[in-house]
Amino acid sequence: MTAREGRLEAFAPRSIPAGVSAPPAPSPVPDYLTRLNPEQREAVETLDGPLLVLAGAGTGKTRVLTTRFAHLLMTGRAFPGQVLAVTFTNKAAREMRERVAAILGRPAEGLWLGTFHALCTRMLRRHAELVGLTSAFTILDTDDQLRLLKQVMEAGGIDLKRWPAPGLMAQIQRWKDRGLPPDRVTPAEDTDYAGGRARALYAGYQSRLRDLNCADFGDLLLHMTEILRTHPEVLADWHRRFRYILVDEYQDTNLVQYLWLRLLAQGHRNICCVGDDDQSIYSWRGAEIENILRFEKDFPNAKVVRLESNYRSTRPILAAASGLIAHNTGRLGKTLRAGRNDADGEKVRVVSLWDSEEEARMVGERIEAAQRSGHALAEIAILVRAGFQTRAFEERLITLGVPYRVVGGLKFYERAEIRDAMAYLRVLAQPADDLAFERIVNTPKRGIGDTALRRMHEVARAERIPLTLAAAKLLQAGGMTGKARAALSELLHGFDRWREALPKDGHVVVAATLLDESGYTEMWKQDKSPEAPGRLENLKEFLRALTEFESLAGFLEHVALVMENDENAEGDRLSLMTLHAAKGLEFDMVFLPGWEEGLFPHARAMEEGGEKGLEEERRLAYVGLTRARKLAIVSCAANRRVYGNWSTTVPSRFLDELPLEHVQREGSGAMARNRMIDVPSVFTGTGGLMARRPRVIEAGAWEVQQRPARQDAIAVGQRVFHQKFGYGRVTAVEDDKLDIEFEKAGQKRVLDRFVEKA
DNA sequence: AGGTTAGTAATTTTT
DNA sequence: TTACTAACCT
C-alpha cells in the first residue's frame, strides 16, 4: 500500500464521466489513474518486480493492462520498444493497442505487442538459422501439418487406419506445448502410440519441416524457447531490449509459453501477469493452470493483487456464479463483489423444457419479447457447449426472422477456395513449398493423379530436392506420360512466367493472373453447386485483401497468423457461439441452453479428464454465467436428439450447484410430459417413441407454429422475397425447406412459408 | 483418373 | 442424423 491510496477510495471506475474538460494546470495524479479503484491502481503502479494480478470476471482486467502499459510509457520508465506485451488472440492485441493509444492520445507505434505466436515469429525470423531454418520460413496451417505428418507416417510404414494421424498430431502438439523437442521426450512417455514409435515419428516430422523450411504453430514457441535456452548471447540481447513484460490471460498459458516468458523475464524481473484461475478453460489445448502457482515460486517476492470488484453483472448473477465455482477445489480464491451501484437485479432463470425443440422455441420467444420491449439484439447472446447445438437455434431464429451471427465457425481463410488460392501464392513465393504444391498440382483437375505425384515424390526423396524441381527433372528425363506431362509442364511454365512478372506487375496483378491462367477461377465458374458463386466472391475478396499488403510475403504471414472472420459483424444481430468463444465478451441477456449431464458437463471431458475435467466444465459454466450483465437464462431439455435418435436426459449437476436463493425456476419437464402422454400413438411415428413431437399447442403460445404451410409450391430458380433477407433465388427445394441464394444475405436455408414469390 | 457408395465416427479450437 | 473418408467401380 502506498500512502496515496487512501485518498482514492472514492473513485469508482465507471462513476467518472468521460470527457470532462480538465483545468489547464496538470494534476499531480494523471487522469487515467484516477479512473481506477484502489486494487486496480495498485496493479498499475506496482511497476518493478514480478506481479501477479488475479482478476475475476468483469473486474477491469483489460483496463489494468492497458493503463499499466500506458503508465510505463507516460512516466518515461520505458520506450515503446522496451515493453513486451503478450496476448492470446489477435483481437485482444488489437484492443490493447487501441486502448493504449487512446490513453496516450496518439497512435501506439513501435510496440512489441501481439500474440505469443506473432511475437515469436518476429523473433524467430531473426534467429531462424539457429534451428536450421531460413528467415523466410513458412508457417503451416493445420491441413498442411496433418498432410505432412501422414506422409512421414506412411514412409515409416505405419498403418494409418490402426493409428490415425490426428492422434499423433495431438500428441506431438502436446509435446510442443510442454517445450519438448523430439530428443527430450523420454522413452517412458512413448508407449501408447504405434507401439512406442511416436517419438521417432515426431523426429521425422520435425526433420521434414526443416527440409521444407517450415514451422508449425507449436514450433514458433518451441524453437524460440530452445534458442533462448541454448544461446545466452541471444537471450542477453533480448534482455537488453525488454525491460517490462505484460501478459494477458495468463491462466491459459501452456508450459512452453511459460518457459519462454520466464527466460525473457530473467533479465529485469519486471513481469506482470494478469489472469483468472476460475476462467481457465483451455487445458485440452495444453494450458496449465499450475503456471499461476508456479509463478510465485519461480519469481520469489512476487506481489499478488486481487481484483474482486465486478462492474459487469448484477448481484444475483454474481452470487449464482460464485456459488457454482465454489464447488471447485484448489482455487486460488477470489470472491466477486458487486461493484456497481445498480447491482440489484433479476434472479438467474432456470427453465426446464420437454425437448430441445421446445428449448429453441422458448429461447426464440424470449428473444422476441426482449426485442419488442426495446432491447438491442447485439446485447443478447446464446452460448452453447458444443458447436452442433447452434443449428437448432439458427433454424429457430431464421424462422422468426431474428438476425443473428455465429461467432467462430468457419473462418474466411479456412475456406477451401481461399486455402487453394493461398497455396498458389505460396508456391509462387517459395517454390520449395511442397505442401502447397501438392495441394494445387491437381486443383483444378488437370490429370495429374496419384501415380504422377508418387513419381515426383520418389525423385524428390531420392535427390533431396523440392517437388517442383523433381517435377521439372522428370519432365526433362521424359518420365511422364502424355496427359500428365503436358499439364505439369504447363503448370511449371506458368509459375516461371508468373514469378517473372512479379517485380514488374506487382503481387496483386500477378495473383489475379495466376488464378485465371491456372484455370482455378474457371473451375468455380464451371461448378454448378450453389456455393460456387459465393466462392468466386470470396476469391475477389481475397484479392482485395491482398492489395492491403506491400509484399506477398507480408500477406502470407498475416494470413498464417491472423485467421479472422469479421463478416456479418455489422447491424443489430444476436450472437450465437460456444462458451469457449464467449470468453472475454459480455451481453445484457445471456441464454445458456443444454445444461444436461453428458452435454454439459460434457461426457467426454469427464472421461478424459476425470475430476479435473469436471472442474474445467464447471469453470466453463462460470464463464458462461459471468458473461451476463443483467439476465442469465439457463435451460435444460428432458429429451434431446443425439446422433439421430432421441434420448432422455438428466439435468446438469451444475443446476443443483446454483444457490437456490438467487435462482428462479420456470417451466417444467413434467408438465410437458403430461401433455405428451395424452397424444395418440400416430404421433410417435417411426423412429421410436420420441421421433416426432406432437404439436400440442397452448392457447396463444406458439403463434409461429400455427401459421399454415403454403399452398403454391416454389420451384428451383424461382425469385423470392424474404422479410429479413430480401430478394433471392431458390437453388434447392427439400420438403418445406428452401435453399436460397439471397442477393444481400448470401446462402440461407429457410422455410417456404416465410418467403413469397417475387 | 475420377466419380460413387459404403462405412464410421461424432467437444471445446485463442494461433 | 450427418459428414467425411476410403475402397471400389467405371
Side-chain angles (χ1 to χ4, degrees), chain A residues 86-94 114-121 139-142 145-146 150 160-161 164-166 169-170 173 176-177 215-221 248-249 251-254 256-257 279-287 383-392 407-411 413-414 442 444-453 481-484 487 557-565 577-585 594 598-609 613 616-617 619-621 623-624 640-647 687 691:
Chain A
V86 199
T87 64
F88 274 85
T89 63
N90 293 298
K91 195 173 152 219
R94 203 182 322 121
T115 62
F116 276 101
H117 298 270
L119 293 166
C120 275
T121 305
I139 300 163
L140 292 190
D141 64 31
T142 339
Q145 288 173 37
L146 204 59
K150 272 188 191 159
L160 282 171
K161 259 191 293 187
M169 197 72 245
Q173 263 156 14
K176 290 187 177 179
D177 287 341
D216 67 17
F217 280 121
D219 283 340
L220 298 172
L221 266 300
D248 190 16
E249 302 282 12
Q251 77 284 348
D252 290 334
T253 52
N254 59 36
V256 72
Q257 287 162 339
Q279 292 189 66
S280 163
I281 55 175
Y282 282 105
S283 74
W284 51 275
R285 273 188 103 265
L383 310 182
V384 296
R385 176 62 184 74
F388 71 83
Q389 290 174 269
T390 58
R391 247 192 66 188
V407 180
L410 201 51
K411 298 179 174 57
Y413 291 112
E414 284 170 0
N442 202 30
K445 304 261 185 294
R446 350 182 126 82
I448 303 170
D450 287 346
T451 335
L453 195 59
T481 47
K483 201 177 165 192
E557 174 146 322
H558 170 83
V559 173
L561 290 171
V562 188
M563 291 250 184
E564 284 191 283
N565 178 28
M577 67 188 102
T578 64
L579 287 159
H580 283 92
K583 195 169 73 154
L585 305 177
L599 180 57
F600 192 38
H602 200 283
R604 191 84 171 253
M606 294 185 290
E607 279 162 32
E608 284 170 15
E616 180 146 321
E617 294 287 292
R619 290 195 291 270
L620 205 45
V623 167
R640 187 171 293 277
R641 197 159 29 189
V642 186
Y643 305 139
N645 23 358
W646 288 93
S647 54

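FYI, side chains are in, hydrogens and waters are out, and symmetry mates aren't considered; it's all heavy atoms of this structure. Reminder, nothing fancy here: chain letters follow the sequence lines and each chain counts from 1.
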With 3.5 Å as the limit, what N/O pairs link the protein to nucleotides 5-7 of chain C?
residue	atom	partner	partner atom	Å
C:dA7	OP1	A:K161	NZ	3.0

Check nucleotides 9-14 of chain B against the protein and report each pair of N or O atoms closer than 3.5 Å, with its distance, or say if there are none.
residue	atom	partner	partner atom	Å
B:dT11	O4'	A:H602	NE2	3.4
B:dT11	O4	A:A605	N	3.3
B:dT12	OP1	A:G387	N	2.7
B:dT12	O4'	A:R385	NH1	3.3
B:dT12	O2	A:W284	NE1	3.3
B:dT12	O2	A:R385	NH2	3.1
B:dT13	OP1	A:T578	OG1	2.4
B:dT14	OP2	A:K411	NZ	2.9

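- In this structure, the side chain of A:E617 engages the main chain of A:H602 through a donor-acceptor pair within 3.5 Å.
- For the pair A:I139 and A:H117, the minimum side-chain heavy-atom distance is 4.5 Å or more.
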Apply the test side-chain contact (heavy atoms from CB on, under 4.5 Å) to residues A:Q257 and A:L221: give CA-CA distance (whole Å), side-chain angles for both, the deciding distance (0.1 Å), then the verdict.
CA-CA 7 Å; A:Q257 287 162 339; A:L221 266 300; 3.9 Å; yes

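- Not a single donor-acceptor pair under 3.5 Å links the side chain of A:D252 to the backbone N or O of A:A287.
- Contacts of A:R640 classified as salt bridge (Lys or Arg N to Asp or Glu O under 4.0 Å), with partners at least two apart in sequence or in another chain: A:E359, A:E596.
- Scanning for side chain to side chain contact (heavy atoms under 4.5 Å, CB included) contacts around A:R391 gives A:E395, with sequence neighbours left out.
- Between the OG1 atom of A:T115 and the NZ atom of A:K91 there is a distance of 14.5 Å, given to the nearest 0.5 Å.
- Contacts of A:T142 with the nucleic acid, taken as non-hydrogen atoms under 4.0 Å apart, are absent.
- Legend: residues meeting side-chain hydrogen bond (donor to acceptor under 3.5 Å, both in side chains) with A:Q251, ordered by chain and number and at least two apart, are A:E249.
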Which pairs, protein N/O on one side and nucleotides 8-10 of chain C N/O on the other, fall under 3.5 Å?
none

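- Glycosidic conformation of B:dT11: syn, with the torsion inside 90° of 0.
- For the pair A:N254 and B:dT15, the criterion of a side-chain N or O lying under 4.0 Å from OP1 or OP2 is not met.
- Going from atom NZ of A:K583 over to atom OG1 of A:T89 covers 9.0 Å, rounded to the nearest 0.5 Å.
- Between the CZ atom in A:F116 and the CG atom in A:L561 there is a gap of 14.0 Å [rounded to 0.5 Å].
- Going from atom CG of A:N442 over to atom C1' of B:dG3 covers 14 Å, rounded to whole Å.
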